[in-house]
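Numbering of ligands and ligand atoms starts at 1, following listing order.
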Amino acid sequence: MIQIWHPCTQMKDHEKYPLIKIKNAKGVYLYDFEGNSYIDGISSWWVNLFGHSNERLNRAISNQIASLEQVIFAGFTHERALELAKLLSEVVPDNLSRMFFAEIGSSAVEISLKMSFHYFQNIGQRKRKKFVSLKNGYHGETIGALSVSGEDLYKKAYKNILPKNIVSPSPDCYRCKFGYSRETCNTECFSDIEKILMSNSEKICAVIVEPLVQFAGGFKIYPAEYLVKLRNLTSELGIHLILDEIATGFGRTGKMFACEWANVKPDFMCLSKGITSGYLPLSVVLTTEEVYKAFYDDYITLKAFLHSHSYNGNAISSAVAVETLKIFKEENVLEKNKEKYKYMRSLIEDKFCELSHVGEIRHIGFISAVEIVENKKTKKPFNWKRRIGFNIYREALKRGALLRNLGDIIYFLPPYIIEPHQIEALVEAAHQSYLEVLNR
Ligand SMILES: *Cc1c(COP(=O)(O)O)cnc(C)c1O
């Protein structure tokens, strides 16, 4: 009998806390076999946008299955892939005119790294072999993606087999080492990456960052100005800018893509997660005509981009991505979200702002994060072995809310279709769980 090994988990925990077996899901609710329901406060790992078992998305999939489920994507194409390219070109920065398909976020990141490196090889800038990323950054967990990760937790065990790339100190607005607050910030922290880029400029292919919000690194929100400076400097030095919008994309930060806050156009943009509203694996890499042209030739040679995956351009995934973009277009999603996330923010501020261990509450778009610390003044975290965040997550489950913690950060990232009374229930469950864990 094969036992299942679950992701991002210490399996020993499940000797004490059995896995929750989900029977079905509808809208923001997950239902288990014991008759419990849970509000999906984290959009099933940041992917779900319009609720579970959404009728419009369900229909798009069943219509697609009836005609074409999958076809080889070399030498062939299909209607849904073409439609997806057309709809994406209406919403992404207008310098991005070429799109490459993959299935998961990590492989989109791999593709962007390979393309950037290969581009420089093709145009004769052969010394460019390194990538720069930010501390606390997260870009997935395959070998290449891990090599640009700024999170030791996921990376350290593999450090000896990873390509050696450069991790720069990152902006950290809560614990700013330059002594500024969010209000007084002048992005002096940019000087860290500036020095790295200036002194290695001829060796670097690209800088890869999550624009504006470092998700897995603890929902660290940094100013748009930093991204503007980064774009200006990378352009000046002839270095690519890869924006990993895998988590920030599709309205999560309040704009369709986070780069819009800074009005920045990247050389590569990686998309996944919300692209199918959380239904099916699909990712894409968008790039410029200039990059594309460097691979263009008469024959398949070393110059061509030969990367491929078996399920490239899957028709069912494409169909649900097309429907996702149509929902954005037809249902005024970004505008309607504003009122909802403002309401969510105000409830969170009301309930959490005065609590004695709440260090910072951060919001952007439909993301709110509460960072819990032992000492509010010094911002000193709790000893991690106390598992404050994890215990709050466990308590919240008992109260009908899925709020999977990131260390001692509790975050709210619900599907956009959440209703005000469900927001109230979610925040209330989090508040009660906090009190249970920290006042006992
Ligand atoms: C989730 C994530 C990835 C990796 O995507 P997978 O589909 O899990 O491989 C990469 N970058 C960011 C910013 C992410 O949040």
Side-chain angles (χ1 to χ4, degrees), residues 6-9 42-49 100-116 131-151 153-155 158 162 165 167 170-171 206-222 227 230 241-253 255-259 261 264 266 268-286 307 309-312 314 317 320-321 324 364-367 369 404-407 409 411 413:
H6 286 260
C8 206
T9 296
I42 60 155
S43 297
S44 282
W45 251 351
W46 323 342
V47 296
N48 192 295
L49 304 185
F100 198 95
F101 274 95
E103 290 74 40
I104 58 168
S106 308
S107 65
V109 168
E110 299 285 337
I111 288 164
S112 67
L113 301 176
K114 282 177 71 180
M115 265 187 191
S116 173
F131 296 92
V132 175
S133 58
L134 291 179
K135 178 137 180 37
N136 299 313
Y138 178 90
H139 302 288
E141 292 172 49
T142 50
I143 302 283
L146 266 185
S147 80
V148 290
S149 164
E151 271 283 349
L153 179 63
Y154 308 110
K155 182 176 186 177
Y158 309 101
L162 299 179
N165 286 315
V167 177
S170 62
V207 177
I208 178 167
V209 297
E210 294 161 89
L212 261 56
V213 193
Q214 296 187 302
F215 265 63
F219 291 92
K220 293 190 160 63
I221 302 171
Y222 66 89
L227 210 55
L230 185 58
L241 177 63
I242 304 173
L243 291 185
D244 177 349
E245 293 250 14
I246 289 168
T248 50
F250 300 96
R252 195 43 81 176
T253 68
K255 304 256 189 207
M256 193 62 168
F257 299 106
C259 62
W261 288 107
V264 152
F268 296 90
M269 188 162 162
C270 303
L271 302 176
S272 188
K273 291 205 162 98
I275 195 170
T276 62
S277 300
Y279 264 62
L280 285 165
L282 177 73
S283 63
V284 300
V285 178
L286 294 143
H307 189 106
H309 295 298
S310 310
Y311 284 96
N312 268 162
N314 177 262
S317 303
V320 73
T324 297
I364 183 171
F366 229 135
I367 307 167
R404 194 185 154 97
N405 62 300
L406 253 175
I409 294 160
Y411 61 93
L413 200 144

Does the [X] side chain pair with the main chain of [Y], one donor and one acceptor, at a distance under 3.5 Å?
| X | Y | value |
| --- | --- | --- |
| S272 | L282 | yes |
| E151 | Y138 | no |
| S149 | K155 | no |
| E245 | C259 | yes |

Which class fits the ring pair F219 and F215: parallel under 30°, tilted 30 to 60°, perpendicular over 60°?
->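 F219 and F215: tilted rings.
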Looking at ligand 1, would [X] count as a contact under a 4.0 Å heavy-atom criterion?
| X | value |
| --- | --- |
| Y138 | yes |
| W46 | yes |
| K273 | yes |

Centroid-centroid distance, F257 to F250, less than 6.0 Å |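 So the answer is yes for these two rings.
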So if I count the atoms of ligand 1 from 1 in the order they appear, which ones are less than 4.0 Å from some heavy atom of [X]?
| X | result |
| --- | --- |
| G105 | 4 (C), 5 (O), 6 (P), 7 (O), 9 (O) |
| H139 | 10 (C), 11 (N) |
| D244 | 10 (C), 11 (N), 12 (C), 13 (C) |
| G140 | 4 (C), 10 (C) |
| S106 | 4 (C), 5 (O), 6 (P), 9 (O) |
| E210 | 13 (C) |
| A247 | 15 (O) |

Just checking, is any N or O donor in the side chain of T253 or T248 under 3.5 Å from an acceptor N or O on the other one?
-> no
